[in-house]
Colleague: 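Here it is, the structure in full.
Numbered from 1 within each chain, the chains take letters A, B, ... in sequence-line order.
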Number of protein chains: 2
Amino acid sequence: MKWTELRQQTCPVARGLSVVGDRWTLLVLRDCFFGIRRFEQFQERLGITRHVLADRLRTLESGGLLRREAYQDRPVRHEYRLTDAGRAFFPTLVSLMDWADTHVPSETGHSVTLVSTDTGDPIRPLLVDQTSGAPVTVRNTRALAQGEPSDKAG
Amino acid sequence: MKWTELRQQTCPVARGLSVVGDRWTLLVLRDCFFGIRRFEQFQERLGITRHVLADRLRTLESGGLLRREAYQDRPVRHEYRLTDAGRAFFPTLVSLMDWADTHVPSETGHSVTLVSTDTGDPIRPLLVDQTSGAPVTVRNTRALAQGEPSDKAG
DNA sequence: CAGGTCAGTTCTAAATTAGAACTTACGGTA
DNA sequence: TACCGTAAGTTCTAATTTAGAACTGACCTG
């Protein structure tokens with residue numbers, strides 16, 4: 001399976017990965033949420049090769065997560081800004097951050113804390129069902145393919 | 001930056017990606033949540049090359065998400081089962097699925113629906129703060145590096 | 001005009017992946 | 001005993017991707 005095939009898969013996870021299923025893509029995206037917008041800044045912070053950075057920015061742009069925007073003429077200079085679809089990715093990134101914070105050990109201890117803009121209190125992320133408020137876990141959910149009446153999924 | 005360097009980063013997103021920052025790794029993990037456990041099954045379902053599959057299973061095992069377990073002797077045959085850390089990754093995968101379902105268009109329409117095991121009702125995932133119940137968005141949260149008093153992060 | 005900045009592109013060598021065949025260790029069948 | 005099949009890999013070569021570094025325009029400043 002190649003990247004192009006991934007995009008045409010039925011499973012949304014596969015389709016999602018066709019855009020963000022690469023470490024550099026996700027690190028670029030993370031930096032976007034930290035307010036980074038320009039080529040040189042990404043390159044310096046990430047230590048990514050310029051070639052790959054250019055490629056990943058194109059991927060994110062064509063995937064609809066970033067918008068390339070001129071911030072000056074003469075010479076034309078562009079910056080990359082999050083779109084609504086890009087901002088909508090935030091919970092996924094936070095989920096990953098939260099998981100890694102707990103399950104991928106760090107020798108430096110806690111490193112990044114998410115706090116509320118309002119209260120300044122630390123945030124403990126939890127994925128719930130919007131209507132019932134119940135936490136989403138392997139145990140209490142089941143994945144159904146369209147048209148599939150019942151099948152094991154946990 | 002190489003995969004080994006990624007693991008030593010301060011940022012939990014980078015550390016997380018040192019384990020799951022690869023499309024195949026995440027597709028293998030997805031199939032684990034669908035109940036797949038054996039080498040041949042993964043290989044057939046994913047169309048991944050056997051070489052890469054063996055490598056990704058090792059990555060997931062050494063990352064603590066999967067446990068390699070003998071299910072028979074003579075000849076010894078192993079299967080790969082989710083650990084607690086692996087199961088804890090579920091919300092992240094669901095977040096990704098939910099994001100992609102909305103933001104990466106599919107020609108086949110909705111494909112996978114998550115339903116409650118109890119009620120059978122469809123689940124609408126939402127990331128909230130565990131204590132306040134408020135949704136986690138770019139706007140109402142700020143990332144603080146350890147020791148960093150205040151900085152832009154959205 | 002020399003030097004610097006920004007956003008890339010181009011180059012070669014190294015690493016990774018695809019695709020297919022091969023290996024090991026069995027168990028069953030003729 | 002020889003042959004077939006299964007499971008879980010390993011090994012092989014060729015193609016693709018990445019790393020690392022230098023180069024390219026198009027401008028700006030002194």
Colleague: Can you tell me the distance, in whole Å, between the CG atom of L57(A) and the C1' atom of dT9(C)?
Modeller: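 In whole Å, dT9(C) C1' and L57(A) CG are 14 Å from each other.
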
Colleague: Are any of Y71(A)'s side-chain N or O atoms less than 4.0 Å away from OP1 or OP2 of dA7(C)?
Modeller: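 Answer yes for this pair, as a side-chain N or O of Y71(A) is under 4.0 Å from OP1 or OP2.
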
Colleague: Nearest-Å distance, CD (E44(A)) to P (dT5(C))?
Modeller: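 Roughly 11 Å, once rounded to whole Å.
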
Colleague: Charged N to carboxylate O below 4.0 Å: is that the case for R81(A) and E79(A)?
Modeller: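 Here R81(A) pairs with E79(A) in a salt bridge, since their nearest N and O are under 4.0 Å apart.
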
Colleague: Let me know the distance between CD of E79(B) and C1' of dA8(D), rounded to the nearest Å.
Modeller: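 From E79(B) CD to dA8(D) C1': 13 Å.
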
Colleague: What I want to find out is whether R38(A) reaches E40(A) closely enough, with some N-O distance under 4.0 Å, to be called a salt bridge.
Modeller: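 Salt bridge: no.
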
Colleague: Rounding to a whole Å, what distance do you find between R68(A):CZ and dA7(C):C1'?
Modeller: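 My rounded result for the distance is 8 Å.
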
Colleague: Has T117(B) got a side-chain atom pairing as donor or acceptor with N140(A)'s backbone, closer than 3.5 angstrom?
Modeller: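 Yes; at least one donor-acceptor contact below 3.5 Å.
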
Colleague: Rounded to whole Å, how long is the line connecting atom CD of Q43(B) with atom C1' of dC22(C)?
Modeller: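 Atom CD in Q43(B) sits about 15 Å away from atom C1' in dC22(C).
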
Colleague: Would a 4.5 Å heavy-atom cut-off, applied to side chains only, mark F39(A) and H78(A) as touching?
Modeller: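 No, too far: nothing below the 4.5 Å cut-off.
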
Colleague: What is the nucleic acid contact for F42(B), judged by heavy atoms within less than 4.0 Å: base, sugar-phosphate only, or nothing?
Modeller: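 It contacts nothing in the nucleic acid.
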
Colleague: Salt-bridge test for R56(A) and D22(A): reply yes if a basic N is under 4.0 Å from a carboxylate O, no otherwise.
Modeller: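 Counted as a salt bridge, because a side-chain N and a carboxylate O are separated by less than 4.0 Å.
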
Colleague: State, with a plain yes or no, whether a side-chain heavy atom of V115(B) is found less than 4.5 Å away from one of T141(A).
Modeller: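 No, side chains not in contact.
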
Colleague: Taking only residues two or more places apart in sequence, or in another chain, which ones meet A14(B) in a side chain to side chain contact (heavy atoms under 4.5 Å, CB included)?
Modeller: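 Expected list: L27(A), R30(A), L6(B), Q9(B), C11(B).
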
Colleague: To the nearest Å, how far apart are E40(B) CD and dA7(D) C1'?
Modeller: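 From E40(B) CD to dA7(D) C1': 5 Å.
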
Colleague: Just wondering, more than 12 heavy atoms not from E44(B) lying within 6.0 Å of its CD?
Modeller: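 12 or below, so no.
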
Colleague: If you restrict it to nitrogen or oxygen atoms, what contacts under 3.5 Å exist between nucleotides 16-22 of chain D and the protein, and what is each distance?
Modeller:
residue, atom, partner, partner atom, Å
dT18(D), OP1, R56(A), NH2, 2.7

Colleague: For R74(B) and dG28(C), give me the distance from atom CZ to atom P, rounded to whole Å.
Modeller: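 It is 12 Å, rounded to the nearest whole Å.
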
Colleague: Calculate the interatomic distance between L53(A) atom CG and dG8(C) atom P; express it in whole Å.
Modeller: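 Between P of dG8(C) and CG of L53(A): 8 Å.
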
Colleague: Would you call the rings of F89(A) and W99(B) parallel, tilted or perpendicular if under 30° counts as parallel and over 60° as perpendicular?
Modeller: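 Plane angle over 60°, so perpendicular.
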
Colleague: Using five pairs at each end of the helix from dC1(C)-dG30(D) to dA30(C)-dT1(D) to define an axis, what is the angle between those two axes, to 10°?
Modeller: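 Comparing the first five pairs with the last five, the axes sit 10° apart.
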
Colleague: Within the modelled atom types, does a donor on one side and an acceptor on the other bring the side chain of R77(B) and the base of dA7(D) under 3.5 Å apart?
Modeller: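 Yes.
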
